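Below you'll find the structure, written out as structure tokens, and then a few comments.
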Amino acid sequence: MSSKISPADAPAGERFFRALQDLHDPELLRQLDEGITTLTAAVLETGGKGHVTLKIAVAKLGKERQVAVKPTVTRQVPQEEVRQRLVWADEQGRFCENDPAQALLDFDAPKRVKVD
């Protein structure tokens, strides 16, 4: 008896989706649902790109036909870009809005001058 699976006259994807169904893993399906929903929302919001990846590892156990199936769902979701800001760093490594090595000039509102 051959251990190879012969191709069947079935619609494309039927064996793949049947394998997912046979796993009976609601957590896997929940992760896939959440992944595609989160990804789509982030792409629409940021205009960036991302992906959801389903990896299914299959390993033979012993001499029989038993196999271990380990599905893994990963996702890369685009993040909203954080804008760059220019600041100065002082000698202690703190960020400052003004150059700490330069004195500040007083540019407050004009002061009223009395003319006699």
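Just so it is clear, the structure is predicted and the values come from calculations on it, not from any experiment.
Atom CD of Gln84 has 12 or fewer heavy atoms from other residues, nucleotides or ligands within 6.0 Å. For Glu27, the CD atom is densely surrounded, since the number of other residues' heavy atoms within 6.0 Å is greater than 12. Crowding of Arg30 atom CZ: a count of heavy atoms from other residues, nucleotides or ligands under 6.0 Å exceeding 12.
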Working for side chain to side chain contact (heavy atoms under 4.5 Å, CB included), residues Asp22 and Phe17: CA-CA 9 Å; Asp22 289 345; Phe17 289 112; over 6 Å; no

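In this structure, CZ in Arg85 is found 13.0 Å from CZ in Arg83, a value given to the nearest 0.5 Å. Here NE2 of His51 is found 5.0 Å from OG1 of Thr74. Values are rounded to the nearest 0.5 Å. One finds the OG1 atom of Thr46 at 8.0 Å from the CD atom of Gln79 (value rounded to the nearest 0.5 Å).
Here the side chains of Leu28 and Leu20 are in contact, with some heavy-atom distance below 4.5 Å. Contact annotation: the side chain of Cys96 never approaches that of Val87 to less than 4.5 Å [non-hydrogen atoms, C-beta and beyond].
Applying side chain to side chain contact (heavy atoms under 4.5 Å, CB included) to Arg75 and the options Thr38, Ile36, Leu39 leaves one that passes, Thr38.
Considering all non-hydrogen atoms of both residues, Pro100 and Ala89 come closest at CG-O, 4.0 Å. When all heavy atoms of Asn98 and Trp88 are compared, the closest pair comes out as C-CE3, 3.5 Å. The two residues Val73 and Gln31 have their closest heavy-atom pair at CB-OE1, 3.6 Å. Across every non-hydrogen atom of Pro71 and Leu23, the tightest pair is CG-CD1, 4.4 Å. Here the closest non-hydrogen pair linking Ala42 and Val77 is CB-CG1, 3.1 Å.
With hydrophobic clusters built from ILVMFWY side chains whose heavy atoms lie under 4.5 angstrom apart, Leu61 does not share a cluster with Ile56.
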